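The model shown is predicted, which means the values in this text are computed figures rather than measured ones. Residue indices begin at 1 and follow the sequence shown.
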Amino acid sequence: MSRLKNKVAVITGGTSGMGLATAKRFVEEGAFVYITGRRQRELDKAVSLIGRSVAAVQGDVSNLSDLDRLYAKVASEKGKIDILFAGAGIVDPQLLAETTEESFDKVFAINTRGLAFTVKKALPLLNDGGAIIVITSIAENKGIPGFTAYSATKAAVRSFVRTWTVELKRRSSAAGARGH
């Protein structure tokens, strides 16, 4: 199939789970895909699994310099983004009484701050009518013991989508920002 022929996709969190599965599918559909992840070894494995039409950029979405490096590479090599799949995220289950400042801050840094700046920094390269895909969870609506920080970040992501849909509407012939 070639539904994504000549499309360029950026996938954060592309070394496992939904991110890796999406990267594989996008390549099968004809896209060139940039994947990111924090661990180079996992990136190398993912590139090997995907096999072609893929480039890996090691980085942490909570580090703005890493995002700048990612988008500089995309800009110099492809000059555009058609699809942004912002899938990087972590879960660090801790009951409220046991929550540490370090864990709380890390979950928010990756799942909300990292997401917001992943999207913001992609905008100059994102084609009008391009797609932004973000990941939320049932945890945004349901109280799950041990998921205090994670659930709050996913509720924030849903709020981002509502706001970005309105803000980016003029750039899209479709929905602007899509939350899944």
Side-chain angles (χ1 to χ4, degrees), residues 4 7-26 31 33-38 59-64 66-68 70-71 74 81-180:
L4 299 178
K7 301 293 184 186
V8 176
V10 172
I11 299 176
T12 64
T15 61
S16 64
M18 287 185 278
L20 178 57
T22 301
K24 286 180 184 177
R25 182 58 184 254
F26 283 4
V33 176
Y34 289 88
I35 60 171
T36 69
R38 291 177 288 152
D60 182 335
V61 296
S62 68
N63 182 321
L64 300 187
D66 287 355
L67 289 172
D68 289 339
L70 164 66
Y71 292 127
V74 174
I81 298 171
D82 298 294
I83 306 165
L84 174 62
F85 183 96
I90 62 167
V91 179
D92 188 9
Q94 295 182 340
L95 296 172
L96 178 59
E98 299 164 4
T99 297
T100 65
E101 182 178 3
E102 177 185 60
S103 172
F104 189 92
D105 289 348
K106 184 176 181 180
V107 171
F108 267 86
I110 292 172
N111 295 1
T112 56
R113 181 178 181 271
L115 172 66
F117 283 96
T118 293
V119 173
K120 176 191 186 271
K121 289 178 174 283
L123 291 177
L125 293 172
L126 188 67
N127 284 333
D128 288 350
I132 300 170
I133 303 166
V134 302
I135 308 300
T136 60
S137 163
I138 192 170
E140 77 178 67
N141 294 317
K142 185 174 179 168
I144 302 171
F147 278 45
T148 296
Y150 177 78
S151 295
T153 66
K154 292 306 178 178
V157 169
R158 183 65 186 121
S159 182
F160 288 165
V161 170
R162 288 181 180 123
T163 302
W164 297 341
T165 299
V166 176
E167 285 183 12
L168 301 175
K169 186 175 184 176
R170 72 183 189 288
R171 293 191 56 179
S172 176
S173 58
R178 296 183 182 109
H180 300 281

Exercise. Short question: side chain of Arg113, backbone of Phe108 - any donor-acceptor pair under 3.5 Å?
Worked result: no

Problem set entry | Non-hydrogen atoms of Ala156 and Thr112 that approach each other most closely | CB-CG2, 3.7 Å

Seminar exercise, completed: The side chain to side chain contact (heavy atoms under 4.5 Å, CB included) partner of Ile11 among Ile83, Leu20, Val33 is Val33

Exercise. Could you walk me through whether Lys121 and Leu64 pass the side chain to side chain contact (heavy atoms under 4.5 Å, CB included) check?
Worked result: CA-CA 9 Å; Lys121 289 178 174 283; Leu64 300 187; 4.1 Å; yes

Exercise. Under 3.5 Å, side chain of Asp82 to main-chain N/O of Val8, donor-acceptor pair present?
Worked result: yes

Problem set entry | Step-by-step side chain to side chain contact (heavy atoms under 4.5 Å, CB included) determination, Lys154 to Arg158 | CA-CA 6 Å; Lys154 292 306 178 178; Arg158 183 65 186 121; over 6 Å; no

Seminar exercise, completed: Distance col, row Leu67:CG vs Phe117:CZ, nearest 0.5 angstrom, shows 9.5 Å

Seminar exercise, completed: Between Val157 and the options Val134, Asn111, Ile135, the side chain to side chain contact (heavy atoms under 4.5 Å, CB included) test singles out Val134

For this session: Could you grab the distance from atom CG of Leu125 to atom CG of Leu84, nearest 0.5 Å is fine?
Result: 10.0 Å

Problem set entry | Heavy-atom pair with the smallest gap, counting every atom of Gly59 and Asp66 | CA-OD2, 3.3 Å

For this session: Supply the atom-to-atom distance Thr12 OG1 to Tyr34 OH, rounded to the nearest 0.5 angstrom.
Result: 15.5 Å

Problem set entry | Gln94 backbone acceptor or donor facing Tyr150 side chain under 3.5 Å | no

For this session: Please check if atom NZ in Lys106 has more than 12 non-hydrogen atoms from other residues, nucleotides or ligands closer than 6.0 Å.
Result: no

Exercise. Do Thr118 and Tyr71 have side-chain heavy atoms sitting under 4.5 Å apart?
Worked result: yes

Problem set entry | Considering all heavy atoms, the nearest Ser62-Ala109 contact | CB-O, 3.4 Å

Problem set entry | More than 12 heavy atoms of other groups within 6.0 Å of Ile138 CD1 | no

Seminar exercise, completed: Between Ile35 and Gly14 the two heavy atoms that sit nearest each other are CD1-O, 3.9 Å

Problem set entry | Spacing of Ile110 atom CD1 and Asn63 atom CG [to the nearest 0.5 Å] | 10.5 Å

Exercise. Can you list the steps and then say if Thr148 with Glu98 is a side chain to side chain contact (heavy atoms under 4.5 Å, CB included)?
Worked result: CA-CA 11 Å; Thr148 296; Glu98 299 164 4; over 6 Å; no

Problem set entry | Parallel, tilted or perpendicular: rings of Trp164 and Phe160 (30°, 60°) | parallel

Problem set entry | Residue pair Leu115 / Ala86: nearest heavy atoms and the distance that separates them | CD1-CB, 3.3 Å

Exercise. So, Ser151 side chain and Glu140 main chain: donor-acceptor pair closer than 3.5 Å or not?
Worked result: no

Exercise. What residue among Val61, Thr15, Asp60 forms side chain to side chain contact (heavy atoms under 4.5 Å, CB included) with Arg38?
Worked result: Asp60

For this session: Could you give me the CA-CA distance, side-chain angles and deciding distance for Leu168 and Leu123, then say whether side chain to side chain contact (heavy atoms under 4.5 Å, CB included) is met?
Result: CA-CA 10 Å; Leu168 301 175; Leu123 291 177; 4.1 Å; yes

